[in-house]
Amino acid sequence: MRTQVIIEDHVLPQLLTSAIEAYEVSHKASLRSRENKKLETFGLLWGYALPVRTGQPARLVAVVATVETSAVRHNEWVQPDYDSIHMKRDFFAEYWPQLELIGTFHSHPYEDLSEVNDVKGWRASDGDRAFWPQFHERVCPDMDELAHLVIAIAGLGRKGTAMPDRLAGTEYTSGYVITAEKRKLWIKGYTSSLYEEVDEDAPFDEDFEAGDVPMIRSYELWEDGDVLLEIPSLEARFRHELLRK
C-alpha cells in the first residue's frame, strides 16, 4: 500500500515562496559582492507520521515548513548544514514535541520551460537519490519513513493562467504542475523508508533475547506509483485566483 504524503494549506506558501525567492531575488554575501539568482534552496518538513491502519495507508502529514538559511546554495546543488538540522530537531522536541521531522524539500531552478522538459527537471537527480537515504540514516534513523519534495521552477515568457494539474503518466499520483503568473512550478514527492532484515551472517548466540536478534538496517527510496502526494488546498487556491481575474 503506497504512502500518502499530505501537505497542509499553510505549508504551501512557504514551499512555493522559498523556491521563488531563491530563483528570482538577488542573494549577496555583502552589498558589494556579486549577485546570485536561480539558486537552489533547502528546507525541512515537520508534522505527523501515521502508521498503516485498516483501510488506510501510512501517512506523512506536513503542517510546518522551515527553510535552512545556513545551507550553501548553488545553481545546480544545495548543501545543508547538519548541525543546523540537528539543532532544529532538538528545538522542536523541546518546545513542539507534538511535531516530528518528517521530511525535506528543495528546489531545482531552470532557465526556461524547454530546459525543464529536456531534462525532466521535476524529477530527483542522481545526487538527490543518493542523498535522501543518507539523510534519513544520519538525521532520523528512528523514523520508518520520510517524505522528500522536489520543487522545480522556471520562468515563462508571459503570464500564464492554467489550472494546477497532476503530472502525466506514471507520475500522476506523485506530483503537480502549477502556473503562477510568469513562472511555472512542479512539485514531486518521494519517500525514503527504513528496511530491516535479520542478519543471517551474524554469529549465533543462544543468549539472544527476542528483539536482540542482529538486524541489517537500510534505507530505500520510493517514488511514482508508491507515493501519493496530496495538497488538498492547491486547486482551490489557484482556482480562486483565476476566477478573481
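No experiment lies behind these values; they were computed from the predicted model shown.
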Throw together a table of side-chain donor-acceptor distances under 3.5 angstrom for residues 12-23, partners on residues two or more places apart or in other chains.
unit_1: Thr17; atom_1: OG1; unit_2: Pro13; atom_2: O; d: 2.6
unit_1: Ser18; atom_1: OG; unit_2: Gln14; atom_2: O; d: 2.8
unit_1: Ser18; atom_1: OG; unit_2: Leu15; atom_2: O; d: 3.0
unit_1: Tyr23; atom_1: OH; unit_2: Tyr110; atom_2: O; d: 2.5
unit_1: Tyr23; atom_1: OH; unit_2: Glu111; atom_2: O; d: 3.4
unit_1: Tyr23; atom_1: OH; unit_2: Gly155; atom_2: N; d: 3.0

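- Remark: Arg166 engages Tyr176, Glu230 in a side-chain hydrogen bond (donor to acceptor under 3.5 Å, both in side chains) (not counting sequence neighbours).
- Applying the 4.5 Å side-chain rule to ILVMFWY residues, one finds Val72 in the same cluster as Trp77.
- In this view, Ser70 and Glu68, Asp81, Ser84 satisfy the side-chain contact (heavy atoms from CB on, under 4.5 Å) rule, not counting sequence neighbours.
- In this structure, the ring pair (Phe, Tyr, Trp, His ring centres under 6.0 Å) partners of Phe91, at least two apart in sequence or on a different chain, are Tyr95, Trp96.
- Clustering of Ile, Leu, Val, Met, Phe, Trp and Tyr by side-chain heavy atoms under 4.5 Å joins Leu228 with none of the others.
- Considering only residues two or more places apart in sequence or on other chains, Arg123 meets the salt bridge (charged side-chain N to carboxylate O under 4.0 Å, His left out) condition with Glu171.
- The ring pair (Phe, Tyr, Trp, His ring centres under 6.0 Å) test applied to Trp46 returns Phe92, not counting sequence neighbours.
- Legend: residues meeting side-chain hydrogen bond (donor to acceptor under 3.5 Å, both in side chains) with Asp144, ordered by chain and number and at least two apart, are absent.
- Under the side-chain contact (heavy atoms from CB on, under 4.5 Å) criterion, Ala124 pairs with Asp128, Arg129, Trp132, Tyr190, sequence neighbours left out.
- Every residue meeting the side-chain hydrogen bond (donor to acceptor under 3.5 Å, both in side chains) condition with Arg183, not counting sequence neighbours, appears here in chain and number order: Glu24.
- Here Pro80 pairs with Phe42, Ile85, Phe131 under the side-chain contact (heavy atoms from CB on, under 4.5 Å) rule; sequence neighbours left out.
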